[in-house]
Amino acid sequence: VLALGVLVRYTRAINGKPEDAARNLSLLLMIMVGTLALGRAACYFEPSGFVVPVAAGPILLAILTNVRVATLAAMLIPALVSVQFDYNWRLLVVGWAMSLAGALSIVKVRRRSDITAAALKATGVGLVTILAATLATDSLFDDLARYRVLLVVLNGCACLFMVPGLLSPLERLFGITTDIQLLEYSDLNNEVLSRLAIEIPATYAHSLIMGQLAEAACEAIGANGLLARVCAYYHDIGKMRRPEYFSENQSGVNIHDTLSPRLSARAIASHVTEGAVLAREHHLPKPIIDGILEHHGTSLISFFYQQALAQNKHGDVRNEDYRYPGPKPQTRETAILMICDGVESGVRSIKHPNEERVREFVDRIITSRAADRQFDECNLTLKELDKVKEVVTRFVLTTMHRRIAYPEKAPESQIANVIPLAGSKE
């Protein structure tokens with residue numbers, strides 16, 4: 001009961017959103033109950049308890065949630081398991097050491113080998129701890145000490161196989177998107193991105209460049225660059241429904257010349273909702289769908305809004321009819337996605353670009369989005385916006401560099417089959 005009370009209070013305190021707190025609490029309870037069930041089963045076969053894989057739960061929680069939740073589990077799970085084995089203090093100390101080592105060694109999981117490294121580190125720390133505990137009370141050379149060392153090694157091997165095996169089912173069960181899953185969706189050969197490359201190659205090229213730009217900006221402020229890059233790949237998939245409405249996919253004929261400004265604005269804004277529908281049809285994870293919905297926020301489609309104001313002198317143009325459906329960016333990653341989208345698509349309109357003009361353009365994009373209160377619902381600070389502006393400016397200048405013009409080789413004036421005679425003029 002005490003452990004449950006600590007869990008409820010702690011998960012509410014460290015998770016900002018109530019739904020995240022409830023999800024993390026449910027996941028933590030499931031892992032804790034599963035580990036205790038393994039401990040109860042193991043006590044009938046092995047009385048010391050050193051074979052119970054207590055570090056597997058904290059490693060899974062560090063990958064699926066965050067290190068703070070994993071640290072809480074690393075303190076509670078070994079304590080409860082040690083109670084099952086007659087309050088074995090050696091088991092408690094070794095379990096704490098292995099669990100904390102495993103949880104704290106998970107920083108970024110971009111490869112399966114990162115999980116293996118965490119399990120190996122936990123095993124190494126567990127061996128050192130059991131040897132230290134044995135040295136303090138017993139002899140290192142008796143059979144019991146060697147038996148405990150063997151059990152710790154088996155414990156680490158169990159963690160090594162359990163964590164990868166349980167990771168994917170838990171991801172799907174709780175709707176959690178990890179970096180490993182994002183890497184799978186970053187494959188450019190998957191069905192959605194292959195269609196994007198074939199049907200609207202200009203938008204595809206824009207998405208690839210924008211992905212590199214967003215990843216660099218996120219890495220500069222400590223946000224999830226991989227998430228921003230993958231969201232950038234998919235952010236405009238809704239344009240596949242009506243590609244002719246977007247300038248990068250038009251070939252000479254502009255369909256907006258035959259439409260009213262309001263209809264044009266609605267057609268442009270619809271690519272957000274249609275992209276989300278397409279993403280759900282292909283079972284893309286929620287963070288990617290959020291990136292599609294939030295990369296424009298509720299910003300104004302200013303070109304057609306100004307066109308409507310110029311055509312309608314009576315002033316009955318509604319501002320809301322010329323805005324994207326939203327919502328506004330909820331995370332730093334989607335806010336940076338919004339900035340990078342505006343910069344990458346608009347910087348091509350700069351005549352004779354240089355550092356001063358590009359920097360002024362990037363600053364204007366960020367200032368206009370901030371003045372429109374698009375960043376109100378994400379925790380992006382002014383200091384981070386300055387870093388983003390610097391990184392984006394440097395990246396754009398690098399990609400817009402010019403190559404030198406190589407001089408063409410002058411044609412040979414001499415004819416190959418003519419042999420000059422001695423004393424004659426060539």
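The shown structure was predicted, so the numbers you read here are calculated from the model rather than taken from an experiment.
Side-chain N or O atoms of Tyr185 include none that pairs as donor or acceptor with a backbone N or O of Tyr234 at under 3.5 Å. When atom types are taken as modelled, the side chain of Asn155 and the backbone of Val52 share a donor-acceptor pair closer than 3.5 angstrom. Using modelled atom types, no side-chain atom of His206 and backbone atom of Thr203 make a donor-acceptor pair closer than 3.5 Å. Judged by distance alone, with hydrogens and angles left aside, the side-chain atoms of Thr367 form no donor-acceptor pair with the main-chain N or O of Arg364 at under 3.5 Å. With Thr258 contributing its side chain and Ile255 its backbone, the two residues share a donor-acceptor pair below 3.5 Å.
A salt bridge is absent between Glu274 and Lys239: the closest approach of a Lys/Arg side-chain nitrogen to an acidic carboxylate oxygen does not fall below 4.0 angstrom. Between Lys383 and Asp386 no salt bridge is recorded (no basic side-chain N to carboxylate O distance below 4.0 Å). A salt bridge links Arg241 with Glu281: the closest approach of a Lys/Arg side-chain nitrogen to an acidic carboxylate oxygen falls below 4.0 angstrom.
With rounding to the nearest 0.5 Å, the separation of CG in Asn190 from NE2 in His282 is 8.5 Å. Taken to the nearest 0.5 Å, the CD1 atom of Ile59 stands 12.0 Å off from the CG atom of Leu64. Rounding to the nearest 0.5 Å gives a distance of 9.0 Å between CZ of Phe161 and OG1 of Thr116. Atom-to-atom distance recorded for Lys286:NZ and Arg280:CZ is 9.5 Å, nearest 0.5 angstrom. Atom CE of Met30 is separated from atom OG1 of Thr35 by 11.5 Å, given to the nearest 0.5 angstrom. Here the NZ atom belonging to Lys328 is positioned 9.0 Å from the CE atom belonging to Met338, to the nearest 0.5 angstrom.
Using a 4.5 Å heavy-atom threshold, the side chains of Pro327 and Glu294 count as touching. Side-chain contact between Thr129 and Met98: absent, with no pair of heavy atoms (C-beta onward) separated by less than 4.5 Å. Using a 4.5 Å heavy-atom threshold, the side chains of Phe395 and Val362 count as separate. In this structure the side chain of Pro53 reaches within 4.5 angstrom of the side chain of Leu38, judged on heavy atoms. Side-chain atoms of Val396 and Phe361, non-hydrogen and from C-beta on, never get closer than 4.5 Å to each other. Met32 places a side-chain heavy atom less than 4.5 Å from the side chain of Leu80. Using a 4.5 Å heavy-atom cutoff, the side chains of Leu182 and Leu227 are in contact. Inter-residue side-chain proximity for Arg262 and Phe304 is flagged as unmet; no heavy-atom pair is nearer than 4.5 Å.
Taking every heavy atom of both residues into account, Arg332 and Gly222 meet most closely at NH2-O, 3.6 Å. Nearest heavy atoms, Met210 versus Cys340: CG-CB, 4.2 Å. The shortest heavy-atom contact between Pro58 and Ser99 is CG-CB, 3.7 Å. Contact between Ala335 and Leu380 at its shortest, heavy atoms only, is CB-CD2, 3.9 Å. Between Leu36 and Gln84, the shortest heavy-atom distance links the atoms O-NE2, 3.0 Å. In terms of heavy-atom proximity, Ala62 sits nearest to Ile106 at CB-CB, 3.8 Å.
Environment of CD in Glu356: sparse, with no more than 12 heavy atoms of neighbouring residues, nucleotides or ligands closer than 6.0 Å.
In summary, the aromatic rings of Tyr245 and His271 are positioned with their centroids too far apart to meet the 6.0 Å limit.
Tested against Thr298, the residues Gln374, Glu320, Arg323 include a single side-chain hydrogen bond (donor to acceptor under 3.5 Å, both in side chains) partner, Gln374.
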Intermediate values then yes/no, side-chain contact (heavy atoms from CB on, under 4.5 Å), Leu29 and Leu4: CA-CA 9 Å; Leu29 287 174; Leu4 182 61; 3.8 Å; yes

Worked check of side-chain contact (heavy atoms from CB on, under 4.5 Å) between Arg357 and Asn354: CA-CA 5 Å; Arg357 291 178 179 177; Asn354 54 31; 3.2 Å; yes

Stepwise side-chain contact (heavy atoms from CB on, under 4.5 Å) check, Leu385 with Phe375: CA-CA 10 Å; Leu385 281 174; Phe375 304 141; 4.2 Å; yes

Arg112 and Leu167: CA distance, side-chain angles, deciding distance, side-chain contact (heavy atoms from CB on, under 4.5 Å) verdict: CA-CA 11 Å; Arg112 299 289 178 181; Leu167 182 60; 3.9 Å; yes

Worked check of side chain to side chain donor-acceptor pair (under 3.5 Å) between Thr398 and Arg394: CA-CA 6 Å; Thr398 303; Arg394 187 167 63 248; over 6 Å; no

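With 3.5 Å as the limit, one finds no donor-acceptor pair spanning the side chains of Ser48 and Asn88.
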